[in-house]
Amino acid sequence: MKKSLALLLALVMTLALVACGGGNNKAPANNAPANNAPADNAPADPAPAEPSGDKIDISVIAAQYGQNTAKWWADFQDEFNKTYENINLNVEVVSWNDIYTVVNTRISGDAAPDILNIDVFADYQADDLLLPAKDYVSEETYAKFYDAFLEQSNIDGTIWAVPDLASARALYYNADILEAAGVEVPTTWDELTAACEKLKAYDSNIYPWGIDMTTDEGQAAFAYYIWNNGGDFTDADGNWTLNSPENVEAVEYAVGLVNAGLTNSDPANETRYTLQDLFGAGQLAMMIGPNSIPTYIAVDKEPDEVINYGTAPIPTNEGKPSVSAGVMDRFMCFDNGHSDEKLEAIKTFFDFFYEDERYSDWVLMEDFLPATKTGGEIAAAADERMASWVEIVGSCKFYPTAQAKWADVKQGVIDVQQQALLGGNVQELLDNLQADIVAG
């Protein structure tokens, strides 16, 4: 029965992801290395290459997704280096708050990593720093990815990065708190405001609503509100529409919740991890978050200590369809003048990482959504909760990360929100950002 469910879910996930347009996010309990045995329809790990004198060095900078990331990569590095004695793999795990600065500093110092795990790629590609994905990923591994995910890294017909993993976002609510306060799960902005006001009156020590406008996920907050007000980052032709009336109204609404005292106290500095801690502790009634929250809030807790929560679509302005934010992160390879031998070693790295069981362990470790077809089957069989996310993934939108100016836009919308929190005029702030992006 589970096998049938897994196969069915994998098919549905594929269709949902294609409809979506593509894809900041459990290892074995004893933290032992993942099982190396291949799935029935997947190739085994490549045979270890014979040592050829000096070792081939591969440097990787990887983003830190949660509490388990660093340990997982440390185990992966040890296992890989023991398996391939002619390769010296070094993985550096960097927090999302620091990774952009670290990478750009390395690039400016002519010390770019060989492989980078991050969300953005278009700026690096525009500066001719990257290799096409097919230069460093084997045909067998490349064929595993959902086509729709690969398309998120397509510029002028060439795929420049491969998907690491994905996540989708939904409304999380503390069911017990809402029931005690006599509050229904909100579906519209008017209902959300009313619910927050009622929750605040019920218990002033509980934050009704969580907002993260920090450098960690401020771009996500911007997306949650503009997409659910009919706005967007660009129009259908890819032209930036940052100062559209829908976007201005959306930011004004979100900032208005903060000014009314209906949210966490410091959205410019409190990341979603702070919000998740508050939510898991029963001090935050509602927040928008990724499908990894259930694992996050259950760490070091007995089952009866975990809050009674539910999930629902993100509230939308009256008459607008609910839209979930999909987030896809990537691996890319910098063009560091690699020899043919080193490119083969890099392919070996990706074959090893995307081995079906190992990759599934990586995805399930933090409750992310897989970017490979076989990973989808294995993840679904291992955790049936993922079925509930198929509908959410099917309604998701993604950041315009293939646009070369996305990194500037991302930082720009965060700055706009933070300045608006300090009293800035949203229309003027977005007008200025639009002008700067178009002119730049």
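Residues: numbered from 1 along the sequence shown.
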For this session: Could you pull out all residues at least two apart from F350 that satisfy ring pair (Phe, Tyr, Trp, His ring centres under 6.0 Å)?
Result: Y136, F331
Problem set entry | D431 versus Q427, side-chain donor and acceptor atoms under 3.5 Å | yes
For this session: Assess the side chains of T193 and Y253: does a donor N or O sit below 3.5 Å from an acceptor N or O?
Result: yes
Exercise. Of W362, F349, Y359, Y354, which is the lone residue that meets ring-ring contact (aromatic ring centres under 6.0 Å, His included) with F76?
Worked result: F349
For this session: Can you tell me which residue pairs pass the side chain to side chain donor-acceptor pair (under 3.5 Å) test with a partner in residues 410-422, sequence neighbours excluded?
Result: Y100-K410, D119-K410, Q411-D415
Exercise. Parallel, tilted or perpendicular: which fits the ring planes of Y399 and W406, with parallel below 30° and perpendicular above 60°?
Worked result: parallel
Exercise. Taking the six-membered ring of Y142 as reference, does the NZ or CZ atom of K134 fall below 6.0 Å from its centre and within a 45° cone about the axis?
Worked result: yes
Exercise. Is there a donor in the side chain of N247 and an acceptor in the side chain of Y225, or the other way round, less than 3.5 Å apart?
Worked result: no
For this session: Answer yes if the side chains of D212 and T214 hold a donor-acceptor pair under 3.5 Å, and no otherwise.
Result: yes
Problem set entry | Y65/W96 under ring-ring contact (aromatic ring centres under 6.0 Å, His included): CA gap, chis, key distance, verdict | CA-CA 8 Å; Y65 287 97; W96 279 108; 5.7 Å; yes
Exercise. Think R358 forms a cation-pi with F352, using NZ or CZ under 6.0 Å from the six-ring centre and within 45 degrees of its axis?
Worked result: yes
Exercise. Cut-off 3.5 Å, side chains only: do T141 and D351 have a donor facing an acceptor?
Worked result: yes
